[in-house]
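First up is the structure itself, then whatever we jot down about it.
To find a chain, count down the sequence lines: A is the first, B the second, and so on, and within it residues start at 1.
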There are 2 protein chains.
Amino acid sequence: MELLDAFKWRYATKKFDPTKKVDQALVDKIVEAAWIAPTSSGLQPFEVLVISNQELKNKIVPIAYDQQIVADCSHLLVFAAWDNYTAERIDNIYAHTTTEREQPSDRYRAYTDRLKEMYLNQSAEANLAHTARQAYIAFGFAIAEAASLQVDSTPMEGFIGEELDQLLKLNEKGLKSVTILPIGYRDEVNDWLVNLKKVRHPKTEFLTIID
Amino acid sequence: MELLDAFKWRYATKKFDPTKKVDQALVDKIVEAAWIAPTSSGLQPFEVLVISNQELKNKIVPIAYDQQIVADCSHLLVFAAWDNYTAERIDNIYAHTTTEREQPSDRYRAYTDRLKEMYLNQSAEANLAHTARQAYIAFGFAIAEAASLQVDSTPMEGFIGEELDQLLKLNEKGLKSVTILPIGYRDEVNDWLVNLKKVRHPKTEFLTIID
């Protein structure tokens, strides 16, 4: 299947079949897609949590405005962005890069100095707006990968971030949950959305071509 | 090629071959991927501009800190997010949805009332943070689609937003450029990044599994 056909096949699943679990090999691929996604300056300013523990998923249901898909899904991916940039975080990323590339440890010093100059002079709020955007590229990659594997997923922002952060102890790690992605297999009979036409804004309004 | 292999093949191209143009059919598919991407409440709060006009690309080079890839790429995609949510924009989207689905025009009234209640009581800045995130999902989809077609692309935030908005008259349309994506074909001989190892943060630090 061409990727575009997978994109047309996918939809925001509203009812998962709780008896169907996604194979670990496929979960690994979806996580790998999020991991390999590009980010600004390669900083990868977010982490991913993969939750299949039923008790924990059940606890997240009320935090997600009682949406049952959080309990019924096979695995719940939580995208948690860095709550801020710090010198240590930036140095840590580039220390790893130079090690992996067998480069001198100061190879990117001038570059990381510029990054610090920029980010450490911005508010935590402005930096979170930026780290969250990077997480959303990876979120897109994970949704794309799931679709390509014919695994259903539901992009979801409908949850109380502060409560989820507290439950998952994300604050202690300097993270904030920004979006979540239940994955699993659709319950075709009971999903009200599955047979509704996928609608997008007309291309005439969406797209401007300048040749 | 599996999608994950395409993700490993792709990299942020630093030098395009200016003589190689991307076929229109492939450009259309990349745009289609951005268009079909999921967004919060289906609002699609962004537009895409596709620029192949050489004169205009040249004008954008200084706005993009003199990065020559903007001139050398085949097509430049600009992702421009809504600068704010408005009742009119929300109604416009759902009017189209009900028409396409042949539903009563007030089918989603209660839902759109809740959306307005939420977004119209937030600052334009908070709403832009949200519309930009949606644009980044589509940005991810476009990068993924390009990779699947073996078209090179460079996710780029390095440009002066206000100047690009002015040049492209985005303000008049209530839009703000949030990220850009040059696409084309790599100049393998002259690209300093093409042969460097792709490095990501160790999975032990990136990933938390809760079984």
Side-chain angles (χ1 to χ4, degrees), chain A residues 2-4 6-8 10-12 29 31-33 35-40 42 44 47-53 56 93 96-97 100-101 129-130 132-134 136-141 143-145 148-149 155 157 168 178-179 196-203 205-211, chain B residues 2-4 6-8 10-12 29 31-33 35-40 42 44 47-53 56 93 96-97 100-101 129-130 132-134 136-141 143-145 148-149 155 157 168 178-179 196-203 205-211:
Chain A
E2 270 199 34
L3 184 56
L4 259 185
F7 287 161
K8 287 168 191 166
R10 70 152 295 284
Y11 74 111
K29 285 185 178 192
V31 170
E32 181 93 4
W35 179 72
I36 203 97
T39 54
S40 187
Q44 277 189 284
E47 296 185 18
V48 170
L49 292 85
V50 180
I51 302 169
S52 57
N53 181 285
L56 186 55
I93 292 288
H96 179 63
T97 300
E100 287 289 306
R101 289 181 176 166
H130 188 258
R133 291 183 189 190
Q134 311 314 312
Y136 270 66
I137 301 174
F139 185 52
F141 266 45
I143 298 165
E145 179 67 22
S148 84
L149 300 171
E157 293 177 336
L168 301 176
V178 290
T179 189
L196 277 181
K197 183 176 177 182
K198 186 190 279 295
V199 179
R200 294 292 183 268
H201 213 45
K203 285 238 182 66
E205 295 180 37
F206 174 79
L207 180 63
T208 302
I209 294 169
I210 308 176
D211 284 327
Chain B
E2 271 199 33
L3 184 56
L4 258 186
F7 286 160
K8 288 168 189 165
R10 72 151 295 282
Y11 74 112
K29 285 184 177 193
V31 170
E32 180 93 4
W35 180 73
I36 202 98
T39 55
S40 187
Q44 276 189 288
E47 296 185 18
V48 170
L49 293 86
V50 179
I51 302 169
S52 58
N53 182 285
L56 186 55
I93 292 288
H96 179 63
T97 299
E100 286 290 307
R101 289 181 176 166
H130 188 259
R133 290 182 188 190
Q134 312 313 312
Y136 270 66
I137 301 174
F139 185 52
F141 266 46
I143 298 166
E145 179 66 22
S148 84
L149 301 170
E157 293 177 337
L168 300 176
V178 291
T179 189
L196 279 181
K197 184 177 178 181
K198 187 191 277 296
V199 180
R200 294 292 185 266
H201 213 47
K203 283 237 182 67
E205 295 182 37
F206 173 81
L207 179 64
T208 302
I209 295 169
I210 308 176
D211 282 327

Which bit of A/L4 comes within less than 4.5 Å of chain B, counting heavy atoms only: side chain, backbone, both or neither?
both
Chain B contact via A/F141 - which portion, at a heavy-atom distance below 4.5 Å:
both
Checking A/Q44 side chain against B/H201 main chain: does a donor-acceptor pair fall under 3.5 Å?
yes
Can you tell me which of [options] forms the most heavy-atom pairs within a distance under 4.5 Å of chain A?
options: B/I51, B/L149, B/D211; result: B/D211
options: B/E2, B/K8, B/Q134, B/R10; result: B/R10
options: B/I209, B/T97, B/L168; result: B/T97
options: B/K203, B/E47, B/H130; result: B/K203

Salt bridge (Lys or Arg N to Asp or Glu O under 4.0 Å) partners of A/E100, counting only residues at least two apart
B/K197
B/K198: partners by salt bridge (Lys or Arg N to Asp or Glu O under 4.0 Å), with sequence neighbours left out
none
List the atom of A/R200, the atom of B/I36, and the distance in Å for their closest heavy-atom pair.
NH2-O, 2.8 Å
Return the minimal non-hydrogen interatomic distance between A/I143 and B/P38, and the atom names on each side.
CD1-CG, 4.1 Å
Using a cut-off of under 4.5 Å for heavy-atom pairs, which of [options] has the most such pairs with chain B?
options: A/A12, A/A33, A/A129; result: A/A33
options: A/L49, A/L196, A/L56, A/V48; result: A/V48
options: A/T39, A/T179, A/I137; result: A/I137
options: A/S40, A/S52, A/A37, A/A132; result: A/S52

Rounded to the nearest 0.5 Å, the CD atom of A/E32 sits from the CZ atom of B/F7 at a distance of 10.5 Å
Quick check for you: to the nearest 0.5 Å, what is the distance between A/W35 atom CH2 and B/L207 atom CG?
10.5 Å
Assess whether side-chain contact (heavy atoms from CB on, under 4.5 Å) is satisfied between A/L3 and B/L3, documenting all intermediate values.
CA-CA 8 Å; A/L3 184 56; B/L3 184 56; 3.8 Å; yes
Under a 3.5 Å threshold, yes or no: a donor from one side chain and an acceptor from the other, between A/E205 and B/H96?
no
Structural part of B/F206 lying under 4.5 Å from a heavy atom of chain A
both
Salt bridge (Lys or Arg N to Asp or Glu O under 4.0 Å) for B/E157 and A/R133? Distances and angles first, verdict last.
CA-CA 11 Å; B/E157 293 177 337; A/R133 291 183 189 190; 5.4 Å; no
